[in-house]
Each structure stands twice: as structure tokens, then as C-alpha cells.
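Structure record follows, encoded as C-alpha cells.
First listed ligand is number 1; within each ligand, the first listed atom is number 1.
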Amino acid sequence: MDNTNSKNWDNDHFMHPWEGMDDIGQNDRAFIEASDGVYVTNDAGQKMLDGPAGMWCVQVGYGRDEIANAMAEQARQLAYFSPFNNTNSVATEFAREIAKRTPGDLNHVFFTTGGSTAVDTALRFVHFRNNLLGKPTKKKIISRQKAYHGSTYLAAAVSGKERDRLWLDKPDELAHFLPNVNPILRAPDQSIEEFLDEKIADLENAILELGPENVAAFIAEPVLASGGVIVPPIGYHKRCIEVCHRHDVLYISDEVVTAFGRLGHWFASYDVFGIQPDIITCAKGLTSGYAPMGAAIFSDRLIADISGSDGKGATFSNGYTYSGHPVSAAAGLASMQIIEREGILEHVQTITPHFQERLQNLSNLPLVVDARGMGLMGCIECSYDPDHGSSLARDYELGANIDAKCQENGLVLRPIINMCVMSPPLVISPDQIDQMFDVLEDAIGSVD
Ligand SMILES: Cc1ncc(COP(=O)(O)O)c(C=O)c1O
């Protein structure tokens, strides 16, 4: 297909996320034009396995008529109406179905337009609640280095990927960042248990230094996703929530990536890590990426102590034109039904050991610094100089070289600088897992 025009239009008019200013207007991005199952097809007609499931989101795979039909029917019946003073039955049903699957009393679903707005909503609610409770100073949010919580001003302010912040401002007074929880960073003579103790002490010391009367919440991804699939030591989450609750600090579990099956469960907080957060944020897999939607989910307890006679006549003045969008809700419900009917959570649990084994096998390659993952999330961190690290430019170059080789051989990868991150559609088969890792292994092996 000759798409010279489209390429020009893309360069002239479509400003992309993380747009590089050096080469803006001169890019040669591949056009992805078609899809089926775990595969996408580019404009040259090449079919490629989708390693990152779009952007950690296409849980049930591509080309699902059932979702497309549900969306089309909903658009015909009621494409949109304002959620501010009215409601609609599809979003209501979806909220109920989500609440049935959340841990404990997380029953209040605030629909948003994506993950960033879900995080924004959670943070604004925490501040709102403390104002109502007469704790106006309790506003600081504790986050972690390498965390990614989104691109709105507030969500970016609690995101800790320093390379994303080189040229952008943030409100310094809002967030406090704890050191990286990646166990590979521990000293050679430090045991994993000692490292865990240190990370828990980091949290408690931060709360004490800032003053519990000033700290509102701790926000954490169960597994840090865009930061490079960082899996904290076993027991980390449970001990963190104990510290938080000891100091009246709320625990926000950012499950934008981990919810809806990525770790083999609807939500990972309780089923994988045994914790009952005060707030969960989610998006992406909520609709399998078929339509934009996110949610901040609040516990009954958080609502109870600021509502009714304790509500002081206040309004939580936060919301979006598209909160509870009927077409997105229809997509979400259909995706949820597929996950349930096809036993996709059980499938993820069954294939995870194979995925993780293939991932670990790559750690023997010379360029590989670390191979880590959990569930259907994996990261291969590479370096031209594994012992001494490399410059940012060299890291970008290495990631791009591996990516190019993978694309040539039919695998879409999404390098985060020098980290090859994989989070395929959850319906991937063991053979397709092999195909993915075979291509990646060849690609890493062929780069010198
Ligand atoms: C953990 C986490 N939170 C929030 C976000 C932001 O979501 P969105 O891009 O839908 O705004 C992301 C996006 O990758 C994420 O990984």
C-alpha cells in the first residue's frame, strides 16, 4: 500500500506521546493497520506478534467481534449522555461487575478516561477527604523512584522516572520519592531479607521525617511496569501497608497494568500480594484496550466517614465528560465476559511458568544485565557494557537495534530505552511464547 500521504500527515500533524524534539516531523513510524488474536499487521503487510499487547492492555487479543458488536450496538442505542446528573444502565452494570471482583469493600467505582485520570482522581479524593476530616496539612504523597503513574500534571508529579523529568516541571512540594526497590541494586553482601528491611525502613522513616500529620498516602504499582518490570522482594507489599496504616497513611494500589489478568487474577493486590488497599486505580485491561476508560475504586470505609451527616455539604468536584462512557462500558463488560467464559485468568496462571522460564533463559546472553518478571510481565535489561553501564544515548541505540531486529523477524517489542519489555495478550499460547522468545533471543544475540 502506498501511504506516502499518510506518512507526511503523521509527521506534519500527529504529535505522538514522548515525541522527541530532535526528529519531530522526520519520523518513519510503522503504521499498524490490522490485527488478529496476538498478531498485528503493518502497512507493508508484515504480520508480527504483539509483545507488549499494544501498551499492556489488549488482554483478550485483537479482532473480537463480540466486543466490536457490543460497542456498535451501544453506540446506536445511546452513544453518550452526561454522567453528571443522569446515569446509564451499561456503566452501572459495569461498575457493579467491577465491584464484585475487587478485594474487600472496594465498592465505589469512579470512572475516568484512562489511567492518569484515575490516579488524579485518587489523589484529589485523598486530599478532599483529609480536608473534610479536618486534617488540612495531611497532603504529601509518598511514591517511589522508577514509578510511573501517568501524564497529567498530578499523576506525573508522583511519577519517579527521572529521565522523563529532564525538561518538565513538577510541583516539588507534593511528592516524596523512596529509593528504587529493585533487588538487583542491593549490595553484594546484602541478603534479600536485609534489602527488604531497608526498603520498609525507607518508607517508615520518610513518614516519620515528613510527619504523619503531613502524609496522606503511599502510591505503589504492585509490580513497577514502565519503570522496567521491577518486582519488589516477597512480603514487601504487606509490610508497606502495615507501616502505612500504623501512621494513618492511605495505600493506593495502582493496578493500571496488573489488574484484569496480567498476573492471573482480576486484581493482584489481594490475590497475589495479600493486601487490602484503600484505593485501587485501574485502566488499560479494563476494556482490553478496545475503548478508553479507567477507574479509581474507593473503599466503603473511605466514603463512610465523609458522607451523610459527616459530609458537611461538600461536593467532590472532580469528574469527566466521559466518566462512565456507555460505549467504553459496553466494551469493558464484553471483555470481562470473554475473560470469564474462556477461563483466561486460569490460562495465564497455567502458562506463566513457561513464559518466566523462557525469560530467565535469556539471562545467559552477554548483553543481558538482568531478566525479571512476574505473571505475563517480563523485562530483559541490556547494556553494551554490563559491568559499568552506558550513556543514555548508547542505551537508546541498543534498545533501538534490538527492536529493529525483532521487527524484521516478526515481533513487536517496546523497548523502554535499553529494556525489552514484554506483556503479550493474555490469550497467547505456549507456542507463541516460544516464537516470541526465539525472535528476541536471536535479536539480542545478533547485536554487537
Ligand atoms: C501503572 C500506571 N499507572 C498509570 C498509567 C497512566 O495510564 P494512561 O496512559 O491510561 O493515562 C500507566 C500507563 O502506562 C501505568 O503504567
Side-chain angles (χ1 to χ4, degrees), residues 15-19 51-59 110-126 141-161 163-165 168 170 175 177 180-181 217-232 237 251-263 267-269 272-273 277 279-297 318 320 322-323 325 328 331-332 335 373-379 414-417 419 421-423:
M15 197 166 168
H16 288 259
W18 265 248
E19 186 74 73
M55 187 92 172
W56 326 82
C57 57
V58 189
Q59 317 296 74
F110 193 111
F111 285 119
T112 66
T113 53
S116 305
T117 45
V119 169
D120 259 41
T121 295
L123 298 179
R124 296 194 79 200
F125 180 83
V126 164
I141 308 296
I142 297 186
S143 182
R144 298 171 300 171
Q145 285 174 4
K146 299 289 175 195
Y148 181 69
H149 297 294
S151 265
T152 52
Y153 198 62
L154 207 48
V158 297
S159 294
K161 290 170 72 183
R163 283 171 167 179
D164 290 347
R165 297 181 153 228
L168 281 163
K170 60 179 168 58
F177 292 95
N180 195 331
V181 294
F218 173 57
I219 183 165
E221 299 158 78
V223 173
L224 291 98
S226 320
V229 188
I230 297 171
V231 186
H237 305 79
Y251 191 109
I252 304 171
S253 186
D254 184 353
E255 291 225 37
V256 165
V257 168
T258 52
F260 298 97
R262 179 78 27 221
L263 300 186
F267 292 92
S269 296
V272 180
F273 300 103
I279 301 172
I280 285 182
T281 49
C282 61
K284 295 188 188 276
L286 180 63
T287 61
S288 273
Y290 279 68
M293 193 175 225
I297 310 168
N318 178 81
Y320 309 96
Y322 297 133
S323 288
H325 195 286
S328 299
S335 167
M374 193 175 206
L376 286 193
M377 299 170 79
C379 174
R414 180 188 158 231
I416 304 177
I417 312 179
M419 295 182 290
V421 164
M422 277 145 301
S423 61

Any donor-acceptor N/O pair, Glu221 side chain to Val257 backbone, under 3.5 Å: no
Aromatic ring pairing Phe273/His237, orientation class (parallel under 30°, perpendicular over 60°, tilted between): tilted
Closest approach of any protein heavy atom to atom 3 (N) of ligand 1, naming residue and atom: Asp254 OD2, 2.7 Å
The one among Met293, His149, Met55, Glu255 that brings a heavy atom closest to atom 4 (C) of ligand 1: His149
Check: Met293 main-chain N/O paired with Thr113 side-chain donor or acceptor under 3.5 Å: no
Asp120 (side chain) donor-acceptor with Ala155 (main chain) under 3.5 angstrom: yes
Under 4.0 Å to a heavy atom of Val257 - the qualifying atoms of ligand 1, by number: 16 (O)
Positive for side chain to side chain contact (heavy atoms under 4.5 Å, CB included) with Val158, one of Ile252, Ile142, Asp254, Ile141: Ile141
Residue part near ligand 1, for Glu221, under 4.0 Å between non-hydrogen atoms: side chain
Short side-chain to backbone donor-acceptor contact, Thr287 and Ser328, under 3.5 Å: no
Any N or O of Gly115 closer than 3.5 Å to N or O of ligand 1: yes
Contact with ligand 1 for Lys284, non-hydrogen, under 4.0 angstrom: yes
Nearest protein heavy atom with distance in Å, relative to atom 9 (O) of ligand 1: Ser116 OG, 4.2 Å
Nearest protein heavy atom with distance in Å, relative to atom 2 (C) of ligand 1: Tyr148 O, 3.3 Å
Atoms in ligand 1 with a heavy atom of Gly114 nearer than 4.0 Å: 10 (O)
Heavy atoms of other groups near Tyr322 OH, more than 12 under 6.0 Å: no
Polar atom proximity, Thr117 to ligand 1 (N or O, under 3.5 Å): no
